[in-house]
*Asks:* 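One structure, pasted below without further comment.
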Amino acid sequence: MTDTDRPGPPRRRTASAVLWPMLGLSVTIGAWWTATTVFAVNTVVLPSPPDVLDGFQRYRGLLVAETWHTTVAAALGFALSAIAGVLIGTAIAAWRPFERMFSPLLVAFNAVPKVALAPLMLIWFGYGRTPVLAMAFMVCFFPIVLSTAVGLTTTPADLAELARSVNATRWQTFRWVRLPAALPQMFVGLRVAMPLAVIGVVVGEMQYGETGLGMIIVQTSGQGDTATAFTAITLLAVVSIVLYYLLLMVERLALPWVRATTSAR
């Protein structure tokens with residue numbers, strides 16, 4: 001291995017992981033600010049970054065509280081979908097008749113626009129947190145099921161043969177071979193589902209929520225307060241980023257061997 005192939009020091013990699021996103025954020029904000037200034041865009045159409053910051057300062061307490069409501073709902077909806085998705089994905093991988101019975105139904109359910117179910121969910125659950133959680137669950141459920149089923153059915157042949165050579169039981173093979181081999185693929189589905197959970201929560205809050213940033217967006221945009229609506233949208237982006245990187249942290253702690261056994265980019 002040459003010096004150019006060696007990974008950099010941990011401190012340098014950490015600094016790079018922070019500095020590059022900050023640079024990208026700075027360029028985006030600079031381009032946004034320049035466009036609103038040069039083209040004299042009306043604040044109602046597209047507020048500038050200072051207008052968004054002013055909107056946050058005016059409603060700081062309310063926005064922080066509603067951001068917390070949205071974050072909790074997204075995390076809870078994601079957790080529920082992760083539990084159900086892993087269980088159903090495991091059943092699909094373990095029992096072929098189950099896969100043949102329910103896989104077409106899962107595909108059909110995923111193809112249905114979730115917004116089309118909004119009136120029915122209002123009848124079923126009424127207003128409040130329950131339909132919001134249900135919307136988040138439905139939006140991020142399918143990627144978890146799919147990644148779990150694919151991961152558990154694509155165990156490397158040499159590992160499966162090793163389990164058979166030592167006469168491992170079906171449970172032992174699952175516990176010590178198939179599940180560890182499937183975890184990287186399962187986390188891919190979880191990473192796809194995490195931002196979708198935030199989207200599902202916001203859609204639910206905009207339709208029938210009583211709290212949350214989605215409700216703030218509906219109320220402020222209806223009043224022509226675009227700056228505050230953009231502030232809520234910005235906070236949604238922050239929530240998505242925080243939850244996503246928390247999941248990445250969990251993945252690195254749960255799968256320490258993945259980075260050691262795969263090549264660095």
*Asks:* With sequence neighbours left out, write down each residue that passes side-chain contact (heavy atoms from CB on, under 4.5 Å) with A197, or none if nothing qualifies.
*Replies:* F78, C140

*Asks:* Which pairs with one or both residues in residues 23-59 pass ring pair (Phe, Tyr, Trp, His ring centres under 6.0 Å), sequence neighbours excluded?
*Replies:*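 Counting only pairs at least two positions apart or across chains, no ring pair (Phe, Tyr, Trp, His ring centres under 6.0 Å) contact touches residues 23-59.
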
*Asks:* What side-chain hydrogen bond (donor to acceptor under 3.5 Å, both in side chains) pairs are there with at least one residue in residues 61-86, not counting sequence neighbours?
*Replies:* T70-E205

*Asks:* Can I get a per-line list of side-chain donor-acceptor pairs under 3.5 Å for residues 89-102, giving both atom names and the distance, sequence neighbours left out?
*Replies:*
from, atom 1, to, atom 2, distance (Å)
T90, OG1, V86, O, 2.7
R96, NE, E99, OE1, 3.3

*Asks:* What side-chain hydrogen bond (donor to acceptor under 3.5 Å, both in side chains) pairs are there with at least one residue in residues 103-125, not counting sequence neighbours?
*Replies:*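 Passing the test, one end in residues 103-125: no pairs.
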
*Asks:* I'd like to check the side-chain contact (heavy atoms from CB on, under 4.5 Å) partners of A227; sequence neighbours left out, ordered by chain and number.
*Replies:* P47, D51, D225

*Asks:* Running the 4.5 Å side-chain criterion over Ile, Leu, Val, Met, Phe, Trp and Tyr, what cluster does I83 land in, apart from itself?
*Replies:* L87

*Asks:* I'd like to check the side-chain contact (heavy atoms from CB on, under 4.5 Å) partners of N42; sequence neighbours left out, ordered by chain and number.
*Replies:*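 So N42 forms a side-chain contact (heavy atoms from CB on, under 4.5 Å) with V44, V45.
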
*Asks:* Going by ring pair (Phe, Tyr, Trp, His ring centres under 6.0 Å), name the pairs with one or both residues in residues 141-178, residues two or more places apart or in two chains.
*Replies:* F137-F141, W171-F174

*Asks:* List, one per line, each side-chain donor-acceptor pair under 3.5 Å for residues 232-250, sequence neighbours excluded.
*Replies:*
from, atom 1, to, atom 2, distance (Å)
T234, OG1, F230, O, 2.8
S240, OG, L236, O, 3.1

*Asks:* Under the salt bridge (Lys or Arg N to Asp or Glu O under 4.0 Å) test, which residues partner R191, sequence neighbours left out?
*Replies:* E251

*Asks:* Please enumerate all residues that pass side-chain contact (heavy atoms from CB on, under 4.5 Å) together with V177, with sequence neighbours excluded.
*Replies:*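 V177: side-chain contact (heavy atoms from CB on, under 4.5 Å) contacts with T155, L159, A163, T173.
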
*Asks:* Does any part of the side chain of T226, heavy atoms only, come nearer than 4.5 Å to the side chain of L46, both counted from C-beta?
*Replies:*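 They are not in side-chain contact.
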
